[in-house]
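Both counts, for ligands and for their atoms, begin at 1 and track the order of listing. Just so you know, these numbers come straight off a predicted model, no measurement behind them. Positions are given from 1 along the sequence.
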Amino acid sequence: MIEITNLTKTFHNGKGIFNVDLSVKTGEVFGFLGPNGAGKSSTIRHLMGFMKGDSGKAFIHKLDTWKQASVIQKRVGYLPGEISFLDNMTGLDFLKLMGGMRGLKDTTYRDQLIDRFQFDVHTPIRKMSKGMKQKVGIVAAFMHQPDVIILDEPTSGLDPLMQQTFIELVLEEKKRGVTIFMSSHIFSEIEKACDRVAIIKDGRIVATETVSELRAKQTRKFLVTFSSESDLQTILSSPLQVEDYEKTKARIVVKGNYDEFLNTLSSVRVTHLDVEHQSLEDVFMNYYDRGGTK
Ligand SMILES: Nc1ncnc2c1ncn2[C@@H]1O[C@H](COP(=O)(O)OP(=O)(O)OP(=O)(O)O)[C@@H](O)[C@H]1O
């Protein structure tokens, strides 16, 4: 549904995106993660046909996004990273303008979305907070029920409740078979909403993984208390990775090897077990820190 092959764009300052390859299947919710300045918005601008690459191609629905930019921009739901509104408009004026451009006739779904995101459509945009503007942008991206939606940092400026409302909306659209591509640096929203994730750093894709693969790579540390010091000795002489220990307690590192962990623990008496959670953020930081090698 979305194909980017070998896309490169070098800006005059040497920054940009380099040999970006991405493929998003129909009905997939795909997360695009990276720190500030990594190249997320630049990639998305190519996908929306606002920018022409120096080399490589981007396709949506097999349409070349640069050559067929007007078709893409009419058809695809899009939330830009920074929305430029005409300040004298109200939220409703803006949504009517966007709806007109996309040939939206039935406004029932638009009005349901306005209700869900709880904002006053009659407020002039110049008086809106960043979060309110973001809500208007989200409604504009979803209201015509497109089959592809591209969102650049959709939850920035939203409070936690509205972030949750947004995730629910994405999951509903996913059920309808909509293909969604969204950039973010909030790992928890990617984890909740996305099937797969690509990580971009310094303009290059450093990893593409399913969310479940990423979870499997997640390191978990268990704080285990044993009934005796000899139990601890049994664990110390096992293949399990023990980070530190004292008397009858050990901090055991588990990275996917749950079977081995449970089997070994079953040979001793455990009186207490606690888990220290490592966030997905830590997993991603591994990628960032490793400078692009997987
Ligand atoms: N038109 C431009 N001219 C020169 N440099 C640019 C231009 N657009 C982007 N850049 C640079 O290219 C790099 C990638 O920018 P981009 O906006 O794509 O990053 P991003 O991942 O979206 O970041 P953020 O999370 O901060 O929005 C940055 O170093 C940015 O300064």
Side-chain angles (χ1 to χ4, degrees), residues 2-24 29-60 65-66 69 72-73 76-85 129-131 133-138 140-141 148-158 163 166-167 170 180-191 193-194 196-209 214 279-292 294:
I2 299 176
E3 275 302 325
I4 302 180
T5 47
N6 220 11
L7 188 64
T8 295
K9 172 79 176 182
T10 312
F11 298 116
H12 57 86
N13 53 5
K15 309 266 187 194
I17 52 170
F18 310 99
N19 304 107
V20 169
D21 276 316
L22 279 177
S23 173
V24 182
V29 181
F30 194 96
F32 195 38
L33 275 169
N36 291 128
K40 302 180 295 293
S41 299
S42 302
T43 307
I44 286 178
R45 283 189 204 111
H46 282 87
L47 269 182
M48 290 305 300
F50 296 127
M51 207 177 250
K52 185 179 186 308
D54 302 331
S55 59
K57 293 253 181 262
F59 296 93
I60 298 178
T65 58
W66 174 251
I72 296 289
Q73 286 160 20
V76 172
Y78 172 53
L79 175 74
E82 274 167 32
I83 316 166
S84 47
F85 295 107
S129 67
K130 180 173 171 18
K133 287 183 191 169
Q134 191 74 358
K135 292 175 181 184
V136 177
I138 291 173
V148 180
I149 302 178
I150 296 180
L151 307 157
D152 197 351
E153 309 234 351
T155 59
S156 74
L158 296 187
Q163 286 182 12
F166 168 78
I167 300 283
V170 167
I180 298 178
F181 183 92
M182 59 187 233
S183 75
S184 178
H185 47 243
I186 303 172
F187 303 112
S188 55
E189 84 185 13
I190 290 293
E191 185 182 15
C194 295
R196 276 196 310 142
V197 175
I199 301 171
I200 186 165
K201 186 199 174 205
D202 297 333
R204 295 176 196 276
I205 304 288
V206 294
T208 308
E209 307 257 13
L214 272 173
S279 68
L280 271 183
E281 186 161 1
D282 297 330
V283 178
F284 287 119
M285 288 321 284
N286 277 339
Y287 285 104
Y288 297 155
D289 292 345
R290 272 182 276 165
K294 208 177 153 184

Decide yes or no for Thr208 and Phe30: does some side-chain heavy atom of the first lie under 4.5 Å from some side-chain heavy atom of the second? yes
Phe181 side, atom CZ; Ile4 side, atom CD1 - distance, nearest 0.5 Å: 5.5 Å
Any residue meeting side chain to side chain donor-acceptor pair (under 3.5 Å) with Lys130, in chain and number order, not counting sequence neighbours: Ser156
Asn36: side chain to side chain contact (heavy atoms under 4.5 Å, CB included) partners, not counting sequence neighbours: His185
For ligand 1, which of its N or O atoms have a protein N or O partner closer than 3.5 Å, and how long is each gap?
| from | atom 1 | to | atom 2 | distance (Å) |
| --- | --- | --- | --- | --- |
| ligand 1 | 5 (N) | Asn13 | ND2 | 3.3 |
| ligand 1 | 18 (O) | Ser41 | N | 3.4 |
| ligand 1 | 18 (O) | Ser42 | N | 2.8 |
| ligand 1 | 18 (O) | Ser42 | OG | 2.6 |
| ligand 1 | 19 (O) | Gly39 | N | 3.2 |
| ligand 1 | 21 (O) | Ala38 | N | 3.0 |
| ligand 1 | 21 (O) | Gly39 | N | 2.9 |
| ligand 1 | 21 (O) | Lys40 | N | 2.8 |
| ligand 1 | 21 (O) | Lys40 | NZ | 3.0 |
| ligand 1 | 22 (O) | Ser41 | N | 2.8 |
| ligand 1 | 22 (O) | Ser41 | OG | 2.8 |
| ligand 1 | 23 (O) | Gly37 | N | 2.7 |
| ligand 1 | 25 (O) | Asn36 | ND2 | 3.2 |
| ligand 1 | 25 (O) | Lys40 | NZ | 2.9 |
| ligand 1 | 25 (O) | Glu153 | OE2 | 3.3 |
| ligand 1 | 26 (O) | Asn36 | ND2 | 3.0 |
| ligand 1 | 26 (O) | Gly37 | N | 3.3 |

Taking C-beta and beyond as the side chain, do Ile150 and Ile60 meet within less than 4.5 Å on heavy atoms? yes
For residues 44-59, which side-chain N or O atoms pair as donor and acceptor with protein atoms under 3.5 Å away, sequence neighbours left out?
| from | atom 1 | to | atom 2 | distance (Å) |
| --- | --- | --- | --- | --- |
| His46 | ND1 | Ser42 | O | 2.8 |
| His46 | NE2 | Gly53 | N | 3.4 |
| Asp54 | OD2 | Thr10 | N | 2.7 |

